[in-house]
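Owing to the predicted nature of the structure, the values given are computational and were not obtained by experimental measurement.
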Amino acid sequence: MSQPRRTIEHLLKQGILPLEHANDAALHLQVYPSRRSWLVFFDKTLLIIGAIALVLSLVFFIAYNWLHMGKMGKFALVEGALVVTIALYVALSFRRRFQLIRQLLLLIASVITGSLLALFGQVYQTGADTWQLFFGWAVLITPWVIIARFPALWLLWLGLINACLTLYLPLTNIQFSDDSLQSVFYVATLALVNLVALYFWLMSFDGKRPATSKLSGHITDKQLSSATVIGRPTTNPNTKSNTKSNTNPSLHWSTYVVGLLSTIFMTYLAIVTVFDSGNIWAILISVTVWLGWCGFIYWQFRQRRIDLLMLTYLSFSIIVVVMFWLGKWLLDGFDAGGFLILSLVLIGLSSTAVIWLRHVSRLDNEHQTGTINKGADHE
């Protein structure tokens, strides 16, 4: 439940806010999106969809007409689109109000750059390894990624890094005495890269957000005064004091995507050695790294702030790892008793995770309610 809605419900229960003015308070605190908010949302959504469709149409056009176009025509079309995109970006750089359009232009230019590299390799049959395409693509668009500061472009860059490492690591000359250590090395590298990406994502896209929200409780007949929506405070001359809450606003949507990637790789790292003959060092390394990740997620999203989706990722990872390791010990003969025990354990772990998440959510709600009460007491 959002902070403004929780505030209104509490004030209604206390009788501070008359029921007939609840709708006005909801509009004032932006609990429900206004007509202008919907228009802005659809405007941005259609703009992003149009930009993606435009750049993909260029790729599909060349692929469909591959046999009917010469080399010069293909390169002229792709390079011309790249030049036009960069020219439009430079032209709009002198106007601040077109920030989203400039970011989308750099995203389009980044995709076209990859298409140009792939076209060059396909036309001239360079014979290069596939990982070199993604590595060169990531290197060339790095300046644009830094300039744009666009989460979608950062996700594209991170995806290229992951693709590059996935294809490059099996080709490395690093040889271990055991295949289990080799597998753990590959997966641990990807897992640690995505963990570092998650940490910097928190610092870059969520570290500069306001860490507190302010509330106080003076309500008149016509208005709800002194409530601070995330990042947009409203002031009232009758307000005497403010109280701070330790709950941060929701994370940026791209942070959840990076968190999901980190969860997938770390979970796979913890179970990659389950069904091997078993090297004790490989098992210790994989499980130790995974436990460190679990501690990091719990510290970041339970102790420092509360975020239920990230804690759900943590719960999912723990359930998967426990089920895989139990399955190794219980399913040696694939007997019915082992499957029954695993089913009961799965039900128990899932129920425990749901109860814990609901408990965390309830604690968060109580904390916010206590903050509102303190603000009212100050009045």
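Ring-plane geometry between Trp356 and Tyr298 is classed as parallel, the angle between the planes falling under 30 degrees on a 0 to 90 degree scale with a further cut at 60. A tilted orientation is assigned to the rings of Trp329 and Trp325, their planes being inclined by 30° to 60°.
The shortest side-chain heavy-atom distance between Trp290 and Ile318 falls under the 4.5 Å cut-off. By the 4.5 Å heavy-atom criterion applied to side chains, Lys71 and Lys74 are not counted as neighbours. Tyr89 places a side-chain heavy atom less than 4.5 Å from the side chain of Ile147. At a threshold of 4.5 Å between non-hydrogen side-chain atoms, the residues Ser317 and Met266 do not count as touching. Side-chain contact between Leu155 and Phe150 is absent, with no heavy-atom pair separated by less than 4.5 Å. Contact annotation: the side chain of Asn162 approaches that of Phe265 to within less than 4.5 Å [non-hydrogen atoms, C-beta and beyond]. Using a 4.5 Å heavy-atom threshold, the side chains of Trp144 and Ile86 count as touching. In this structure, Leu117 and Leu140 have side chains that are in contact, with non-hydrogen atoms separated by less than 4.5 Å.
Taking a 6.0 Å sphere around CZ of Phe296, one finds it holds more than 12 heavy atoms contributed by other residues, nucleotides or ligands. By the neighbour-count criterion of 12 heavy atoms within 6.0 Å, atom OH of Tyr168 is sparsely surrounded, having that number or fewer from other residues, nucleotides or ligands. Summarising the local packing, CZ of Phe135 is surrounded by 12 or fewer heavy atoms from other residues, nucleotides or ligands at distances under 6.0 Å. Enclosure of atom CZ in Phe75 by more than 12 non-hydrogen atoms of other residues, nucleotides or ligands within 6.0 angstrom is indicated. For Phe120, the CZ atom counts as loosely surrounded, since its 6.0 Å shell holds 12 or fewer non-hydrogen atoms of other residues, nucleotides or ligands. Under a cut-off of 6.0 angstrom, the local environment of CH2 in Trp281 is sparse, with at most 12 non-hydrogen atoms contributed by other residues, nucleotides or ligands.
Cluster membership for Met203 and Leu192, using ILVMFWY side-chain heavy atoms within less than 4.5 angstrom, is shared. Clustering ILVMFWY residues whenever any of their side-chain heavy atoms sit less than 4.5 angstrom apart, transitively, puts Val83 in a cluster other than the one holding Ile141. The hydrophobic cluster containing Ile280 also contains Val321, counting ILVMFWY residues as joined when their side-chain heavy atoms lie under 4.5 angstrom apart, directly or transitively.
Contact detail for Leu342 and Met323: the closest heavy-atom pair is O-CE, 3.3 Å.
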message: Before you tell me yes or no, could you show the steps for Trp157 and Thr142 under side-chain hydrogen bond (donor to acceptor under 3.5 Å, both in side chains), namely the whole-Å CA-CA distance, both residues' side-chain angles and the distance that decides it to 0.1 Å?
response: CA-CA 8 Å; Trp157 185 85; Thr142 299; 3.2 Å; yes

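Ser57 places a side-chain N or O within 3.5 Å of a backbone atom of Leu54 that can act as its donor or acceptor partner.
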